[in-house]
Amino acid sequence: MAFALIGATSVAVAQTQQITLEDIWTKRTFAPKGIGSIRSMADGEHYCTMSRTGIAKYSYATGEKVEDICLFGGPDMRLKAKPLPPFESYEMSADEQKILLSAGFEPLYRHSGVSDYYVYDVKDKTFTKISNTGKQRLTTLSPDGTKVAFVRDNNLYWMDLESLKEHAITTDGKVNEIINGTTDWVYEEEFAITKGFQWSPDSKKIAYMRFDESKVKEYNMQIWGALYPEDYKYKYPKAGEDNSKVELWIYYLDDDEKTRCAYTDKIIGWEYIPRFQWTPWGNLAFMCMNRLQNHMQISTNYGACLYTEQCDTYVEVPDTWQFVSVGKGKKAQPMMLITSEKDGYRHIYLYDMNGNLVRQVTSGNYEVCDVVGVDTKNQRLYYTSREDGAINKSLFVIGFDGKKKERLNPPCTGTYSATFSQGCKYYIQTWSHAAHAPVYTLHDAKGKLVKTLQDNAELEQKMKDYGAQNKEFGTFKTSGGTELNCYFILPQGFDHNQSKQYPVLIYVYGGPGNQQVSNSYGYSDYYWYHMLAQKGYVVFCFDGRGTGGRGAQFKKQTYKDLGRMECEDAIEAARWLGQQSWVDKDRIGIWGWSFGGYLSTLSLLKGNDVFKMAIAVAPVMNWRYYDNIYTERFLALPKDNAKGYDENSPLNFADRLKGNYLLIHGTGDDNVHFQNSAEMVEKLENAGKQFEFRIYPNKNHSIYDATGNTRLNLYQLMTDFILRKL
């Protein structure tokens, strides 16, 4: 195997302070400053941000504050003589005369919850609470700013803001049976869609999803704390099991009527409706996929087919899917802008409204990440891509015709992202790399710097003070000739040529399309790794076969065979490390969370001659126990691919345990169920193996609480295990 550095960010610094877990999880010593909730205003010349004290308006031309649009304190900013609650998010009406604010968020699952909502009238400077009959979900202003729609108790409502009268659009909602206007658990987790309704552009219609999950089997968790623990049941479709039946409806406010325009059914071949949206021209467009997720189609409520894509493996739900006017004046034509991997890499395409390909806008052996701005006036697209290498992300502009491509960021490495103004005259850029905290800058459309908004200079100095800028990127080749990206975090004063040998902790995730080796600012775990480096450990991370940023072929080669290649790469990485003169080959460990916990466990068992220890947090142990959208996407149906489900289950290799093993799981994990670890414990016990096991009662997949005490406890546990066992 060979190794080569690719853009090392190692910085020689005088280490003066030791990092502690309290710095990371309690004091938040290394938390960067940002700019909260940036939103462009309609004129494209101003933007607004929200802080604890209110919503302020800024000039794009200067970056200077113009006025306070809404203040949350003061005698005239109260609600019937009562203090206002701390607000958490906001949305503005199209005319910017109404502001919708949320407060008191209570989580339901990892990505959704209920809140109280308030409307602020900009002209009258008054706050109005929308409802006193219970918290709502997903409350959204109509485009004309006169109404809101929201979900409560699995039913969808709309309300006129003048009268505050509620109108029930649906009445059949029932917990664990019928959901209206939002999505079921598996859609939220795997399709990243929670908001299951949308206003039409003219504010006269609402498109919404209806889920019938009555046939979906329930998963049961006990919630500890009371004298008799509470049983919590929710619908969770595991691999091979029944899904919700999903329908897409349109509700007409003026007529109080609704019509169904799409539904899922095995007979018609569609299992999922992962996306829908109104076009600017008043049509409803929606995306359907089959159960194996290898066939996707976009249609309209008028029956037109706009797009279809099929693949031997699986089709990714597009990162970008929007409707634009291409051409100027009378020659302008409505078209659909979409990203696809159909040529082997994720690129941008334009289709007309008859489903015909107009052109592929970007091309090359690199991945487009995001379309961040669409300038219809000048017929240009702004996007980020990995054209400067898989570990970097840069900002580009290109014409709708695929010509005149320009790079907007300087020719240096790192990670760039951008938020554009209406009309794309300006953008706010965020940049960081592994040795530099995020920097927020304001630019015009040509990339010219207008103002640095936040440079995080104070944090930069802290990073130097704590010696937290010592990270090196590289590649190594496996014995099979595959080159893999990796990084090291090294002890202070490390010398590749010295005779001293170090223990190594490998961090791994490894799931399909995921990417951990990225030249960007690291957050909490990044500083934990530096803390371990201060204690004499080398931390190593790599992206093996099946991970993202390197095209569809590299990502999809693990299809129907999850775990085998990923585990082989982890073992090969450990063997390669063991050949380095500066590595103590008898002290190599591995750890991971979720898919990474699965992979660290499997690697310890299959690679019991190279790994001394492993930590697995919230791991999958049997893919038959995981949800069907994720698992079937990569493994197909259990009945058709039993080998793919079973051959690389850690449960089958429990008797191979030789090293030190720490297994950690929260009993309230609604994502990767505690059932996985419970069965692994049983297998290890039956095999006569000794190991360590920590349970976090009632904690979900994140094993986190608002105080940070749970995370502090978790990382104290893992740190102690590493110090004792590695």
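Throughout, numbering of the chain's residues begins at 1 and tracks the sequence.
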Task: Beyond-backbone contact of Pro619 with Met680, side-chain heavy atoms, under 4.5 angstrom - done: no
Task: Ring geometry between Tyr529 and Tyr507 (parallel below 30°, tilted from 30 to 60°, perpendicular above 60°) - done: tilted
Open item on the list: Do Tyr109 and Asn700 pair up side chain to side chain, a donor and an acceptor below 3.5 Å, judged on atom types alone?
Closed with: no
TODO: Run the salt-bridge test on Glu309 and Lys342 with the 4.0 Å N-O cut-off and return the result as yes or no.
DONE: no
TODO: Salt-bridge test for Glu213 and Lys235: reply yes if a basic N is under 4.0 Å from a carboxylate O, no otherwise.
DONE: no
Task: Ile338 backbone acceptor or donor facing Ser340 side chain under 3.5 Å - done: no
Open item on the list: Both conditions, 6.0 Å and 45 degrees, for the charged tip of Lys643 above the ring of Tyr645: are they met here?
Closed with: no
- [ ] Please determine, by modelled atom types, if Tyr232 and Asp670 share a side-chain donor-acceptor pair under 3.5 angstrom.
- [x] no
TODO: Give a yes or no on whether the backbone of Ile178 and the side-chain of Asn154 come within a donor-acceptor separation of less than 3.5 Å.
DONE: yes
Task: Aromatic ring proximity Tyr598/Phe595, centre distance under 6.0 Å - done: yes
Open item on the list: Any donor-acceptor pair under 3.5 Å linking the side-chain atoms of Asp705 with those of Asn709?
Closed with: no
Task: Pair Gln516, Asn514: side-chain N/O donor-acceptor within cut-off below 3.5 Å - done: yes
Open item on the list: As a quick check of understanding, evaluate side-chain contact (heavy atoms from CB on, under 4.5 Å) for Lys699 and Leu714, giving each step before the final call.
Closed with: CA-CA 11 Å; Lys699 294 301 184 288; Leu714 170 64; over 6 Å; no
Open item on the list: Would you say Gln297 and Ser299 are linked by a side-chain donor-acceptor pair, where the criterion is simply a distance under 3.5 Å?
Closed with: yes
- [ ] Show your reasoning for whether side-chain contact (heavy atoms from CB on, under 4.5 Å) applies to His673 and Asn676.
- [x] CA-CA 6 Å; His673 296 149; Asn676 286 271; 4.2 Å; yes
- [ ] For Asn622 and Glu679, test the side chains for any donor-to-acceptor distance below 3.5 angstrom and give the result as yes or no.
- [x] no
TODO: Report yes or no: does Glu367 contribute a side-chain atom to a donor-acceptor pair with the main-chain N or O of Gly551 at less than 3.5 Å?
DONE: yes
Task: Side-chain ion pair, Arg545 and Glu572, N-O less than 4.0 Å - done: no
Open item on the list: Test your reading of the model: is there a side-chain donor-acceptor pair from Gln277 to the backbone of Trp321, 3.5 Å cut-off?
Closed with: yes
TODO: Mind checking the OG1-CG spacing from Thr601 to Leu651? Nearest 0.5 Å is all I need.
DONE: 9.5 Å
TODO: May I ask you to decide if the ring planes of Tyr715 and Trp591 are parallel, tilted or perpendicular, using 30° and 60° as cut-offs?
DONE: perpendicular
TODO: Anything under 30° is parallel, anything over 60° is perpendicular, the rest tilted; go ahead and classify Phe691 against Tyr661.
DONE: tilted
TODO: Just do the side-chain contact (heavy atoms from CB on, under 4.5 Å) check on Ile695 and His665 with the steps written out, would you?
DONE: CA-CA 5 Å; Ile695 296 171; His665 218 128; over 6 Å; no
Open item on the list: Let's go through Glu632 and Arg291 carefully: what are the C-alpha distance in whole Å and the side-chain angles of both, what is the deciding distance for salt bridge (charged side-chain N to carboxylate O under 4.0 Å, His left out) to 0.1 Å, and is it a yes or a no?
Closed with: CA-CA 8 Å; Glu632 293 170 9; Arg291 177 134 188 176; 2.7 Å; yes
TODO: Give the C-alpha distance, both sets of side-chain angles, the deciding distance and a yes or no for side-chain contact (heavy atoms from CB on, under 4.5 Å) between Phe634 and Thr558.
DONE: CA-CA 8 Å; Phe634 307 122; Thr558 60; over 6 Å; no
Open item on the list: Ring-plane angle category for Tyr630 and Tyr626, please: parallel below 30°, perpendicular beyond 60°, tilted otherwise.
Closed with: perpendicular
Open item on the list: Could you check whether Arg210 pairs with Asp172 (Lys NZ or Arg NE/NH1/NH2 to Asp/Glu carboxylate O, under 4.0 Å)?
Closed with: yes
Open item on the list: Between Asp525 and Trp528 (side chain of the first, backbone of the second, donor and acceptor by atom type, cut-off under 3.5 Å), is there such a pair?
Closed with: no
Open item on the list: Measuring from atom CG of Asp265 to atom SG of Cys288, what distance do you get when rounded to the nearest 0.5 angstrom?
Closed with: 11.5 Å
- [ ] Taking atom types as modelled, find out whether Asn155 and Thr170 have a side-chain donor-acceptor pair closer than 3.5 angstrom.
- [x] yes
- [ ] Say whether, by atom type as modelled, one donor and one acceptor occur between the side chain of Asn608 and the main chain of Arg656 under 3.5 angstrom.
- [x] yes
Open item on the list: Looking at Tyr263 and Trp249, would you say the former's side chain and the latter's main chain have a donor-acceptor pair under 3.5 Å?
Closed with: no
- [ ] For Thr194 and Glu188, indicate whether the former's side chain and the latter's backbone hold a donor-acceptor pair under 3.5 Å.
- [x] no
Open item on the list: I'd like to know if the side chain of Asp720 and the backbone of Leu717 have a donor-acceptor N/O pair within less than 3.5 Å.
Closed with: no
Task: Glu341 and Lys555 ion-paired at < 4.0 Å - done: yes
TODO: Please determine if Asp609 and Lys585 form a salt bridge, counting it only when a charged side-chain N lies under 4.0 Å from a carboxylate O.
DONE: no
- [ ] Return the orientation label for the Tyr559 and Tyr314 ring planes: parallel under 30°, perpendicular over 60°, tilted otherwise.
- [x] tilted
Open item on the list: Tell me whether Asn652 contacts the main-chain N or O of Asp646 through its side chain, where contact means a donor paired with an acceptor under 3.5 Å.
Closed with: yes
